Amino acid sequence: MHQTTIKNIVRCTGIGLHGGKQVELVLRPAPEDTGILFALRSGSGTSFLSPKPRLVVDTGLATSLGNGHDHIATVEHLLAAIRGLGIDNIRIEVQGRELPIMDGSAASFVYLLNQAGLRRQTKARKVLAITKPLSFERDGKFVKATPHDGFFVDYTIQFAHPLIGRQNISLEVTPDIFATHVAKARTFGFLREVEYLHANGLALGGNLDNAVVLDEFGVLNTDGLRYPDEFVRHKLLDFVGDMAVMGLPLQGRFEVFASGHALNNGFLRYIEDKAAPVAAPAKVPASQPVPAGLRGQPAMA
């Protein structure tokens, strides 16, 4: 397959989850091998940041990227839409320190990207392929990866809440499946946590228009749920977005249990360490296989 970018420039505005302020977002086509590039605009000019696992600086309420000078929060929903639709190269211009939360899902970003259209480029797509089993576990939660020609996710969550309990979803993430079965799933939280966050000046942009909120027994949103298992679908959405921080698309089968932004990023750092010799060929003889089950490779053209 070949690399892709978007055809046209698209833009939107929305409220940021953290600060509750309006954010301006512009998506632009990008040349081959650019990858995902954030252009952060401020009064002093424009600075650039490309997602990498070790540039994740906060995973508390969302995934945030920073490099010591620049910072951008709540990137996972847009990154999920980009990776879910199979877009390789894109420039993301942001006026503000976070992306807009929109309706708490990736649906608005999918709509925006579809409005922009996709353009096939000349070079072959590069992926980071899982070639042998890998496992990353912490406190009983885990991400396990095995070889697979594609991006397959088997995701399980478990919450001590009567409306959630244990939920599972297994699917091959393709553009059509992502747009239909994943993108519309909204972020969720519990009323007691939302009240605490607001009281402490956090998540000021969070409300029933951009999150599913639960009390002790059920959902407070008057429109209810979009899917019976919207909770696990949103966790899968977050996983797709968090995996996009790797830079290159990952290829493999992923079994995930009770993970969140922190564990997702820990898994990426783990596999980045295992793949590190790829970037230093002088230390690894050409005849020696890449360690620990990872291989950077172009997909079949």
Side-chain angles (χ1 to χ4, degrees), residues 35-36 50-67 73-77 79-80 82-84 126-160 164 166-173 178 182 185 187 231-280 283-284 288-297:
I36 299 169
S50 294
K52 293 180 176 62
R54 279 175 170 75
L55 293 186
V56 171
V57 294
D58 188 15
T59 56
L61 295 176
T63 296
S64 300
L65 300 169
N67 58 11
T74 324
V75 299
E76 66 273 15
H77 297 170
L79 292 183
I82 291 168
R83 191 63 79 222
K126 298 175 182 178
V127 304
L128 188 62
I130 303 294
T131 58
K132 63 186 297 185
L134 296 169
S135 181
F136 184 78
E137 183 173 350
R138 185 181 294 159
D139 300 325
K141 306 173 182 180
F142 62 78
V143 180
K144 298 178 180 179
T146 52
H148 175 72
D149 184 13
F151 189 85
F152 185 94
V153 183
D154 181 345
Y155 206 112
T156 302
I157 62 171
Q158 187 165 314
F159 284 86
I164 305 178
R166 189 179 183 95
Q167 295 184 358
N168 171 266
I169 187 171
S170 299
L171 51 77
E172 184 80 38
V173 180
F178 181 84
V182 180
T187 191
F231 308 103
V232 71
R233 289 175 192 253
H234 184 78
K235 286 294 189 178
L236 191 151
L237 186 160
D238 279 346
F239 182 77
V240 174
D242 285 343
M243 294 302 100
V245 173
M246 197 68 187
L248 289 177
L250 284 174
Q251 187 178 88
R253 185 186 191 281
F254 302 89
E255 180 186 356
V256 188
F257 177 72
S259 189
H261 298 305
L263 190 72
N264 291 344
N265 184 247
F267 172 68
L268 287 188
R269 294 186 184 210
Y270 172 70
I271 64 174
E272 185 180 55
D273 288 343
K274 297 299 182 182
V278 176
K283 297 181 181 179
V284 181
Q288 182 176 335
V290 176
L294 287 164
R295 181 178 69 250
Q297 63 176 31

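For this chain, numbers begin at 1 and follow the sequence in order. None of the values given here were measured: they were computed from a predicted structure.
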Original post:
Could you walk me through whether Phe257 and Glu255 pass the side-chain contact (heavy atoms from CB on, under 4.5 Å) check?
Top reply: CA-CA 7 Å; Phe257 177 72; Glu255 180 186 356; over 6 Å; no
Cut-off 3.5 Å, no hydrogens considered: what does the side-chain donor-acceptor table look like for residues 140-152, sequence neighbours left out?
unit_1: His148; atom_1: NE2; unit_2: Glu172; atom_2: OE1; d: 2.7
unit_1: His148; atom_1: NE2; unit_2: Glu172; atom_2: OE2; d: 3.3

Original post:
So, for Thr74 and Ala62, which heavy atoms are closest and what is the spacing to 0.1 Å?
Top reply: CA-CB, 3.8 Å
Subject >> Test item: side-chain donor near acceptor, Thr156 and Asn168, under 3.5 Å >> reply: yes
Original post:
Heavy atoms, side chains only, cut-off 4.5 Å: are Val56 and Asp58 in contact?
Top reply: no
**OP:** Quick one: closest heavy-atom pair of Leu237 and Ala80, and the distance?
**Re:** O-CB, 3.4 Å
Subject >> Closest approach of Leu248 to Leu128 (non-hydrogen atoms, all atoms of both residues) >> reply: CB-N, 4.2 Å
Subject >> Sequence-distant partners of Ala185, side-chain contact (heavy atoms from CB on, under 4.5 Å), two or more places apart >> reply: Tyr227, Glu230, Arg233, His234
Subject >> Side-chain heavy-atom pair Leu236, Val240 within 4.5 angstrom cut-off >> reply: yes
Subject >> Pro53 side chain near Asn265 side chain, heavy-atom distance below 4.5 Å >> reply: yes
Subject >> Verdict with supporting geometry, Ile36 and Leu79, side-chain contact (heavy atoms from CB on, under 4.5 Å) >> reply: CA-CA 8 Å; Ile36 299 169; Leu79 292 183; 3.8 Å; yes
Original post:
Is a side-chain donor or acceptor of Gln158 paired with a backbone partner of Arg166 at a separation under 3.5 angstrom?
Top reply: no
Original post:
How far does CG of Leu263 sit from CG of Asp139, to the nearest 0.5 angstrom?
Top reply: 9.0 Å
Original post:
What's the spacing between Lys235 NZ and Phe159 CZ if we round to 0.5 Å?
Top reply: 5.0 Å
Subject >> OG1-CG distance between Thr59 and Asp238, expressed to the nearest 0.5 angstrom >> reply: 11.5 Å
Subject >> Ser170 OG to Phe254 CZ distance, which is reported to the nearest 0.5 Å >> reply: 14.0 Å
**OP:** Find out whether Ile271 and Asp273 are in side-chain contact, i.e. whether some heavy atom of one side chain is under 4.5 Å from a heavy atom of the other.
**Re:** no
Original post:
Quick one: CG on Leu268 to CG on Leu250, what's the gap to the nearest 0.5 Å?
Top reply: 6.5 Å
Original post:
Ile164 versus Ile157: any side-chain heavy-atom pair under 4.5 Å?
Top reply: yes
Original post:
Is the closest side-chain heavy-atom distance between Tyr155 and Ser259 below 4.5 Å?
Top reply: yes
Original post:
Heavy-atom distance under 4.5 Å between the side chains of Met243 and Arg83, does that happen here?
Top reply: no
Subject >> Within-4.5 Å side-chain heavy-atom neighbours: His261 and Asp242 >> reply: yes
**OP:** Measure the spacing between CZ of Phe136 and CZ of Arg138 and express it to the nearest 0.5 Å.
**Re:** 4.0 Å
